[in-house]
Protein chains: 2
Amino acid sequence: MGNVRQERRSEIVEVALRLSEEHGLPAVSMRAIATGVGLTPMALYGYFRSKDDLLDGLVGRVLAEVPRPGPALGWRERLLVCARGAREVAHRYPRTFPLLLTRPVVLPEAVRVVDPLYGALLDAGVPGEQVAGLERMFSTFVLGFAVSEVSGRFGEGNLGTRQRRERAGPRELPAHHRLGEVLDLPVDWDAEFEKGLERLLETVGRAGSGERGPFTDGPDEPAVGEGERGGTRGRTDSDASPPA
Amino acid sequence: MGNVRQERRSEIVEVALRLSEEHGLPAVSMRAIATGVGLTPMALYGYFRSKDDLLDGLVGRVLAEVPRPGPALGWRERLLVCARGAREVAHRYPRTFPLLLTRPVVLPEAVRVVDPLYGALLDAGVPGEQVAGLERMFSTFVLGFAVSEVSGRFGEGNLGTRQRRERAGPRELPAHHRLGEVLDLPVDWDAEFEKGLERLLETVGRAGSGERGPFTDGPDEPAVGEGERGGTRGRTDSDASPPA
DNA sequence: ACCTGAACACCGTTCAAGT
DNA sequence: ACCTGAACACCGTTCAAGT
């Protein structure tokens with residue numbers, strides 16, 4: 001089949017990725033890609049309908065490196081592997097990764113990344129109607145955090161707000177002044193990401209155990225969200241709730 | 001002082017906003033803005049150092065419409081007002097809003113939006129060292145959700161994955177097949193956003209009450225995150241934990 | 001102080017033509 | 001089938017000049 005065509009296609013995407021990481025996304029022009037692959041700009045249109053199409057290929061190329069854990073691990077570990085893996089990819093391609101938030105997720109690669117997340121949430125006992133929404137919440141956090149980090153959207157953490165804080169006075173920024181010196185500490189992004197994941201996993205566990213609060217008296221199942229250790233003790237298809 | 005200058009500046013930003021909403025962000029060019037305001041492109045450089053600088057002005061202009069609730073409301077209500085308000089702004093300026101995720105948050109307008117969130121988290125009892133991180137988690141969700149919604153990153157919800165699901169077969173997308181028809185239901189974005197907020201408020205409540213799990217025996221305070229109904233019964237400054 | 005004209009070094013894409 | 005050349009209608013920005 002059109003295998004040489006596929007080769008050329010991925011060669012083009014590879015050049016685009018290299019250009020993006022070496023000189024930034026704005027440097028990814030059809031003309032620059034073309035010279036990089038040894039062609040005329042017009043030749044690229046034989047492989048991609050438009051530049052947007054080519055950028056979708058770039059998104060797919062990056063998404064392909066996000067790990068997709070199989071059902072061997074427990075659901076918690078699977079979610080962690082996906083989340084940490086995605087963040088690592090962001091650090092690997094810091095100038096390209098922000099594209100993922102800009103472009104729609106209808107690509108087949110995106111669906112392939114989402115599937116293990118759906119599986120993990122189902123195994124956590126999350127009701128079918130809530131799975132997609134919870135997955136979007138989870139992915140939004142992971143993607144948003146990773147993109148913010150590599151694109152500098154978080155600034156250099158809290159640093160640099162100090163001048164502004166002091167210039168503004170307690171009238172305009174009362175909470176900044178209440179927080180005071182805490183805002184001047186450098187941020188440990190690894191720790192913050194892990195903390196966020198921990199919080200989300202707790203939410204998932206609660207959604208998976210029927211969302212009963214501590215005062216709802218239901219069947220006294222062992223609470224999810226406690227003492228999860230490796231192994232294969234995650235639930236399987238058999239106890240996934242029916243779609244109602 | 002340079003008041004006529006400020007007038008001109010905001011006139012320029014206003015034209016940029018109109019252009020962006022009417023014809024999309026790519027249509028926001030220095031040349032188009034200039035004709036819109038009745039000047040030569042070069043004249044704009046007297047008011048903004050560069051196009052990026054002008055876009056920062058645009059971000060500030062949009063951020064200025066995000067509500068900043070005072071301390072009259074309870075912390076829960078304040079978080080809800082900020083979150084819902086931000087999402088409404090996204091719906092008001094759907095083609096411009098995605099800029100907020102692209103550009104750094106060092107603008108004074110961004111700090112002004114963050115301050116009430118810090119205040120609410122402090123009033124929820126969140127320890128000082130955790131406030132900034134939790135705020136970033138909250139904002140990442142709100143911004144990420146709103147941007148995904150208006151930029152079409154969420155696709156049309158789950159719809160449209162059906163063809164792909166059926167073409168792929170249970171081998172490649174097992175969880176999609178486990179979920180089955182649930183994925184074909186249309187998504188109620190309002191409800192999903194509210195559900196996400198609810199989950200995050202629960203997390204905030206837990207962080208504010210010392211993060212004890214159901215198996216830690218501590219003082220038997222009434223659990224936060226339960227039975228919250230409207231009204232102004234949120235905590236106030238008086239019971240915020242000191243930064244430690 | 002505020003603005004303009006001309007110019008530079010770029011873009012994505014179309015279209016007719018080559019082999 | 002795959003590629004090229006020339007052209008169109010754009011970009012952001014610099015620089016010298018105008019009033």
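Order of the sequence lines fixes the chain letters, A, B, ..., with proteins taken first and strands second; residue numbering starts at 1 for each chain. Computed over heavy atoms, backbone and side chain alike; hydrogens, waters and symmetry mates excluded.
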Mind checking if B:Met30 touches a base, just sugar-phosphate, or nothing, with heavy atoms under 4.0 Å? sugar-phosphate
NZ/NE/NH1/NH2 to OD/OE distance under 4.0 Å, A:Lys195 and A:Glu192: no
Please pick, from C:dC2, C:dT4, D:dG12, the nucleotide with the shortest atom-to-atom distance to any side-chain atom of B:Tyr47. C:dC2
Between atom CD in A:Gln6 and atom P in D:dC2, what is the gap in whole Å? 12 Å
Can you check whether A:Ser29 has a side-chain N or O nearer than 4.0 Å to OP1 or OP2 of C:dC11? yes
Within the supplied structure, the quantity of interest is the number of heavy atoms (other residues, nucleotides, ligands) at a distance under 6.0 Å from A:Glu22 CD; does it exceed 12? yes
Atom NZ of B:Lys51 and atom P of C:dC11: how far apart are they, to the nearest Å? 15 Å
Can you name the one residue among B:Arg49, B:Arg103, B:Lys51 that meets side chain to side chain donor-acceptor pair (under 3.5 Å) with B:Asp56? B:Arg103
The Watson-Crick or G-U wobble partner of D:dA6, with both key distances under 3.5 Å, is C:dT14
Report which part of the nucleic acid A:Arg8 touches: base, sugar-phosphate, or nothing (heavy-atom distance under 4.0 Å, all strands). sugar-phosphate
B:Arg31 side chain, from C-beta outward: closest of C:dC3, C:dA7, D:dT4: C:dA7
Using the C1' atom on both, measure D:dA7 against C:dC11 and round to a whole Å. 14 Å
B:Arg49 has an atom CZ; how far is it from atom P of D:dG12, in whole Å? 17 Å
Presence of salt bridge, B:Glu14 and B:Arg61, under 4.0 angstrom: yes
Would you mind reading off the distance between B:Ile33 atom CD1 and D:dG12 atom C1', rounded to a whole angstrom? 11 Å
Which nucleotide in the set D:dC3, C:dT14, D:dC15 lies at the smallest distance from any side-chain heavy atom of A:Met42? C:dT14
Roughly, in whole Å, what's the span from CG in B:Leu54 to P in D:dC11? 14 Å
Please identify which of these residues, A:Glu194, A:Glu65, A:Glu149, meets the salt bridge (charged side-chain N to carboxylate O under 4.0 Å, His left out) condition with A:Arg87. A:Glu149
Interatomic distance, A:Arg9 CZ vs D:dC3 P [rounded to whole Å]: 14 Å
Given D:dA6, D:dG12, C:dT4, identify the nucleotide with an atom nearest to the side chain of B:Tyr45. D:dG12
